[in-house]
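Step one of this worksheet: look at the structure below.
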There are 2 protein chains.
Amino acid sequence: MIRLLLAEDQGMMRSALALLLNLEPDIEVVAETGTTAEALDAALRVRPDVALLDIEMPDGSGLDTAAALRDELPDCRVLILTTFGRPGYLRRAMEAGATGFLVKDGPVEELAAAVRRVLTGERVIDPALAAAALSAGPNPLSDRERDVLHAAVDGATVADIAGRLHLSESTVRNYLSAAIGKTGTRNRIEAAHRARSNGWI
Amino acid sequence: MIRLLLAEDQGMMRSALALLLNLEPDIEVVAETGTTAEALDAALRVRPDVALLDIEMPDGSGLDTAAALRDELPDCRVLILTTFGRPGYLRRAMEAGATGFLVKDGPVEELAAAVRRVLTGERVIDPALAAAALSAGPNPLSDRERDVLHAAVDGATVADIAGRLHLSESTVRNYLSAAIGKTGTRNRIEAAHRARSNGWI
DNA sequence: CGGAGGCCAGGACATTTGTCACCGCGGACC
DNA sequence: GGTCCGCGGTGACAAATGTCCTGGCCTCCG
C-alpha cells in the first residue's frame, strides 16, 4: 500500500484528488493539507511514501517544502503537481530534489500512474516541458534582483520597495534597471511578468 | 437523470469532476469542454439541464457563455464554478442569468448538492460572498476605463495602449488617471490589481 | 430645452521611472 | 596577490507617468 500525503490549497481539487486516489487499490491518502506548514508538519508525523505537492499555496511555495522534505525525510519521494508548466518551476523542483513534476492539465489517470512510478525512483517529467526548461536556460536574475522584482509586482513604488527591503531608492532603481535589462523588457511590469511566466520568481 | 455540461479548462480538474459527478446516481455528464466556444457549441447540440461553467478559460469568460446560454437555451440552468470569489464576478454572474455561484474551495460534496438545487431554480450562493458583493458596491469604472486598465495590466506603455485602442495618448492618460482615482490607488498597476481582485475587469 | 455624464483630445506641469557612469566594500576564485 | 562579481550607494539625466485644466462632441434623461 502506497502511503500518500496530499498538499493542495484549492479545497475542491484537494478533496477530488483524495477521493480518486483512494479509489486506487494500492494507494492510501494518509494526510491532506492546504498549507505548506501543515504539509511539513504532517509529513514528519505520518512519514508518507510519496508527497504530492502543489506549488502555489497561500503560505509559501511547495518547492520550498520539497527542499525541506529532502532534508528531513529523504526516503519520501516528492511529486510536484502544479497549474503552471513554467520552465523555472521545473528547474527549481529538480534542484529541490523532486522526483516527478506534473501539470494539472492532462487527465487524472496520469496521476496514479505517476505516483507509482516515482515510488520506484523513476523520474516523471513531461518531455515537452523538460525541453522548454532546457532551452529557456537558467534563471539570469541575481537574488537581489529577484527580491526587488517580486516586491514590485503589486504596484509598489520605488520608495515602497526601498522601505520594505531596507535599501536606498537609488539601489532599488539600479536593480530594477538591471532586471529589466536581463529580461529584455521595457519596464518593471513587463519584467515582472516575464520573470513570473518563466518561474524565475 | 440530470444531464450536465461541464466546461473547465484545467484538464485534471475537469476529468476529476466528471468522474465524481458520474458516480452520483442521478447525474450524467453529457458533455465536457475546455473552452467557452466548445461549451456553447456542445450546449446547443446536447441541450443539457445544467451547465457547470468555469469563469477563467483560455478563449474567453464563462460569464459571457452564461449570458449567451440565457439567450439561446433559456431552460438550461447555469452554475458558475470559479477559483476566485470576487465580488464583481458574482455580480456579473447574476446579471448574466446564472442560477448558482460556487467557489472551488469547499469539498466536492457541495457540488452535487448545488447541481440538484439549481435544477429546481433555487439560487445557490455562498452567503459570505453575497455580503461581500453587496458591500463592495457596483463597478465604478466606465467601459473605456476598463478597456484602458485591461490593456495596461501586462506592462504596456501609454503609446502601446493608445495604438491598440485607437486613441490618442492624452486620452489614455486621462482614462488611466480617472481609473486610478476611482480605485483609490497610486498608479496603474495598483489600479489594475484592485480592479482584478474585485472582478471589475 | 437644459443639464449631466460619457467619450475624445490637447497643453502644461510635477513627479516618477529608467538609464548610465562612477564609487567603495567584501567574498570567491585562480 | 590580483581579478572578478555581487552588493549597496550617489548623482545626473532623459523619458514616461500622473494630474489638472480646457474644450468639443454625443446621448440620455428630467
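Keep in mind that the numbers below use all heavy atoms, side chains included, and drop hydrogens, waters and symmetry copies. Residue numbers start from 1 in every chain, and the chains themselves are labelled A, B, ... in the order their sequence lines are given, proteins ahead of strands.
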Quiz prompt | For DNA chain D, the residues among residues 138-153 of chain B that have a non-hydrogen atom under 4.0 Å from it | solution = none
Quiz item: Is the side chain of A:Glu28 donor-acceptor paired with the backbone N or O of A:Val30 at a distance under 3.5 Å, no angle test?
Solution: no
Self-check item: Minimal non-hydrogen separation, B:Ile2 against B:Arg116, with atom names
Solution: CD1-CG, 4.1 Å
Quiz item: Taking only residues at least two apart or on different chains, which pairs with a member in residues 160-172 of chain A satisfy side chain to side chain donor-acceptor pair (under 3.5 Å)?
Solution: A:Thr157-A:Asp160, A:Asp160-B:Arg186, A:Ser168-A:Thr171
Self-check item: Distance-minimising heavy-atom pair for B:Thr65 and B:Ala39
Solution: CG2-CB, 4.4 Å
Practice problem: Return no unless some side-chain N or O of A:Ser168 is found under 4.0 Å from OP1 or OP2 of D:dT10. | Solution: yes
Exercise. Tell me, please, whether A:Tyr89 has A:Arg92 positioned over its six-membered ring: NZ or CZ under 6.0 Å from the ring centre and within 45 degrees of its axis?
Key: no
Quiz item: B:Val158 and B:Leu176: which non-hydrogen atoms are nearest, and at how many Å?
Solution: CG2-CD1, 4.5 Å
Practice problem: May I ask you to decide whether B:Asp54 forms a salt bridge with B:Lys104, counting only side-chain N to carboxylate O separations under 4.0 Å? | Solution: yes
Quiz item: Does A:Arg45 come within less than 4.0 Å of A:Glu38, counting only side-chain N to carboxylate O?
Solution: no
Quiz item: Quick one: what's the B/S/- string for nucleotides 11-30 of chain D, heavy-atom cutoff under 4.0 Å, read 5' to 3'?
Solution: ------BBBBB---------
Quiz item: How many Å lie between OH on B:Tyr175 and P on C:dA9, as a whole number?
Solution: 8 Å
Quiz item: Axis-to-axis angle across the helix from C:dC1-D:dG30 to C:dC30-D:dG1, five pairs an end, to 10 degrees?
Solution: 30°
Quiz item: Does a salt bridge link B:Glu122 with B:Arg77, judged by any charged N lying under 4.0 Å from a carboxylate O?
Solution: no
Self-check item: Distance-minimising heavy-atom pair for B:Leu165 and B:Ala151
Solution: CD1-CB, 4.4 Å
Quiz item: With a cut-off of 6.0 Å (strictly less than), are more than 12 heavy atoms of other residues, nucleotides or ligands near CZ of A:Arg196?
Solution: no
Self-check item: Protein-nucleotide distance (A:Glu169, atom CD; C:dT19, atom P), rounded to Å
Solution: 17 Å
Practice problem: Pull out every residue in residues 190-201 of chain B that has a heavy atom closer than 4.0 Å to any atom of DNA chain C, ordered by number, or say none. | Solution: none
Practice problem: Show your working on side chain to side chain contact (heavy atoms under 4.5 Å, CB included) between B:Asp126 and B:Leu102 and close with a plain yes or no. | Solution: CA-CA 7 Å; B:Asp126 179 13; B:Leu102 230 59; over 6 Å; no
Exercise. Please name all residues satisfying side chain to side chain contact (heavy atoms under 4.5 Å, CB included) with B:Thr183, sequence neighbours left out, ordered by chain then number.
Key: B:Leu141, B:Thr185, B:Ala191, B:Arg194, B:Trp200
Quiz item: CG of B:Leu167 versus P of C:dG6: gap in Å, rounded?
Solution: 16 Å
